[in-house]
There are 2 protein chains.
Amino acid sequence: MANIRDIAKYADVSVTTVSRVLNEHPYVSKEKRERVRRAMAELGYLRNQQALTLSTGRTQRFVVVLPYLDHPYYGLFVNGLAKAALQRDYRLVMWQTEYQLDQERQALDLLKHREVDGAILLSHTMTFDEMETYRQFGPIAVATVGAPQTISSVHVDHYTAFVAGLRVLAQAGYAEIGIVLSRQDSPSSIARQQAYFDEVELARERWVWTGYLTSEDGIGLADSFLRQQERPRALFFSSDYVALGFLGELRRRGVSIPDEIAILGFDGHPIGQAFGLSTMHSPNEDIGRTLFDVTFEEMNGAASVTNSLTVTYLPGTTL
Amino acid sequence: MANIRDIAKYADVSVTTVSRVLNEHPYVSKEKRERVRRAMAELGYLRNQQALTLSTGRTQRFVVVLPYLDHPYYGLFVNGLAKAALQRDYRLVMWQTEYQLDQERQALDLLKHREVDGAILLSHTMTFDEMETYRQFGPIAVATVGAPQTISSVHVDHYTAFVAGLRVLAQAGYAEIGIVLSRQDSPSSIARQQAYFDEVELARERWVWTGYLTSEDGIGLADSFLRQQERPRALFFSSDYVALGFLGELRRRGVSIPDEIAILGFDGHPIGQAFGLSTMHSPNEDIGRTLFDVTFEEMNGAASVTNSLTVTYLPGTTL
DNA sequence: TTGTATGCGTTATCAT
DNA sequence: ATGATAACGCATACAA
């Protein structure tokens, strides 16, 4: 485990010279550079990243916070993040919160303790006020709407996006519309409900389903939905996966789609295509990539930014 | 950004004493302990993890290597890993290889440069011989079969697992069986083909489809499959997602399942349920958890181990 | 062009 | 019970 000092001794130069060769600085004679190179090769030198990190104060790492690592909803975000990180020679420390506030805090504590250079939150339970108390320890970026000045944000505005989806449904001739959302009180769910009641004339409280996160939840919804007396003619889901679970279960029971019930998803996840799911496509991979870039640049002194992206309709056969 | 020396000065003790308080060592008088505690509170002390890491030589991090972060196949593995890591206060650095050998090498270079304590490979292109050259830098664990003594392995033996699936098909009365695999030359694909030709009497070269990774690939298969003259009566997929894409597309085209073609998946991914997919369930979350534990313990001096888990049939309506 | 000395923040060793 | 000091492995200001 040769270190920089061993190399210096072996090559009969100073550690500074070795460091210069290592970092490709100018002002090193060709001959010494060669000697150092040879010494490194012969002693099997490997630079110790931790020492570098302590010395420079940079970790080359960001922490990425999300509820579940295996939830398909976050897949494309993470993919975009990973691609951008690779380009900059950065590492991603993934942190799964399971929607626990204290897990979010632990993740941001990495920032405090200089274990990472920045934090990217794809979802959060914490208030922005609390989040701002961490801001002094490094750049923070979120994929949600409503962030304050100091915190960067790259997101789809779920109010606008939901309005867009509801209009697609209206233009397709559906007036009685229900919506299926994830967590009840999340900011995005609140925005979506707001859009629903603002936009849909026949909107009804009992046509709002909340607490649907997974495809299993979608399967479960089928039952209670079919039992309901007065049903909407179309359902707008906030997630393709929930929509797919619902769609699969309904088809299995022989319910005709969209004749008996129309379905619109949200995400544009590839698997939806196989089943002809009509959906609103959200540019999640772009968001991931941009989130990384924004955080990276903020670390280098740039100001925080807010970046709002839009969704587009991806036709299928379920409307 | 107060450090341990500032605290020492403020509390009028030595840095050693501060360090002792920090690490809850004995032999510190109650009074000094109190003074140090107060100093830390008043100066807002935060321990610098990088310095600790350089000093102790432990990073508290493992790198997790996999082809795609957003591929649902790896979701449950990663979930198990994350849960185990949380318990031990470890971080996971995720590394996406996109099946590039040089990306695998970069990931293992983290081990060389002391950026992580160990490496967990959910998939790999590299030979075990090359992998062993990294072993001296830290524990390595893989989720694949065939690892040498020095490298830990927690896996499903895909030969045995495939035989099990083929027998399920046989017992359900299917004799003409085809298989749909992922990458052509991966060790698991080779094992699966071996199982197929060993176990199925009517096995045929042209009933082996390779290169199918995603649900889109499954959709794409439908077309070429239906065009084929002589078709098998059942298809065994090495991935639920490919199976689902195929299933969805066939149903969309009005093909009756399992009457015209029976389908058996592999994984037991929750979304499969919604569409009644019959599948072989693989204990991937357990594997993830165990992979972490094994790596962790090996780091603490334990020997490398090999752990083979089995799959079980999860009935659906597609057989 | 090169080298000396110091700092980064912690833990570990060895006295006392 | 407490403290002075070395060690971890690098980068860098400053001097020459």
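The sequence lines fix the lettering, A, B, ..., with proteins before strands; numbering per chain opens at 1.
- Position along DNA chain D of the nearest nucleotide to B:Ala51 versus B:Val28 favours B:Val28 as the more 5'-ward residue.
- Comparing B:Arg47 and A:Leu54 by the nucleotide of DNA chain C whose heavy atom lies nearest to each, the residue mapping closer to the 5' end is A:Leu54.
- Following rounding to the nearest Å, A:Lys9 (NZ) and C:dG3 (P) show an atom-to-atom distance of 15 Å.
- The base of D:dG9 lies outside donor-acceptor range of the side chain of B:Arg114, with no N or O pair under 3.5 Å.
- B:Ile4 has its CD1 atom 16 Å from the C1' atom of C:dG7, to the nearest Å.
- Comparing C:dA5, C:dT2, C:dT11 by their nearest atom to the side chain of B:Asn23 picks out C:dT11.
- Side-chain proximity of B:Arg20 to D:dT2, D:dC8, C:dA5: nearest is D:dT2.
- When the side-chain nitrogen and oxygen atoms of B:Tyr45 are compared with OP1 and OP2 of C:dT10, one or more of them lie within a distance under 4.0 Å.
- At whole-Å resolution of the value, CG in B:Asp6 and C1' in C:dG7 are 13 Å apart.
- D:dC8 atom P lies 19 Å from atom CD of B:Gln50, rounded to whole Å.
- Aromatic ring centroids of A:Phe62 and A:Tyr90 lie under 6.0 Å apart.
- Looking at the side chain of A:Thr16, the nearest of the listed nucleotides D:dG9, C:dT2, D:dT12 is D:dT12.
- Proximity note for B:Ser14 (side chain, C-beta onward) versus D:dC10, C:dT1, D:dA4: the nearest is D:dA4.
- Between B:Glu298 and B:Arg135 there is a salt bridge, since at least one side-chain N of the basic residue sits less than 4.0 Å from a carboxylate O of the acidic one.
- Taking atom CD of B:Gln49 as the reference point, atom P of C:dT10 lies 10 Å away to the nearest angstrom.
- Among the atoms of the strands shown, base atoms are found under 4.0 Å from some heavy atom of B:Val15.
- Atom-to-atom, CG of A:Leu52 to C1' of D:dT12 comes out at 12 Å; the value is rounded to the nearest Å.
- Ion pairing of B:Glu115 with A:Arg91 is present here, as a side-chain N (NZ or NE/NH1/NH2) and a carboxylate O approach within less than 4.0 Å.
- Listed for the A:Arg114 side chain is no donor-acceptor partner under 3.5 Å among the backbone atoms of B:Gln49.
- B:Glu34 has no carboxylate O lying under 4.0 Å from a charged side-chain N of B:Lys30, or vice versa, which leaves the two without a salt bridge.
- Rounded to an integer number of Å, the gap from B:Ile7 CD1 to D:dG3 P is 15 Å.
- Across the protein-nucleic acid pair, A:Arg5 atom CZ and D:dA11 atom P stand 12 Å apart, rounded to whole Å.
- Considering only side-chain N and O atoms, A:Lys30 lies nowhere under 4.0 angstrom from the phosphate OP1 or OP2 of C:dT1.
- Phosphate contact (OP1/OP2 of D:dA11, side-chain N/O of A:Thr56, threshold under 4.0 Å): absent.
- Side-chain N/O atoms of B:Ser19 include one lying less than 4.0 angstrom from OP1 or OP2 on C:dT11.
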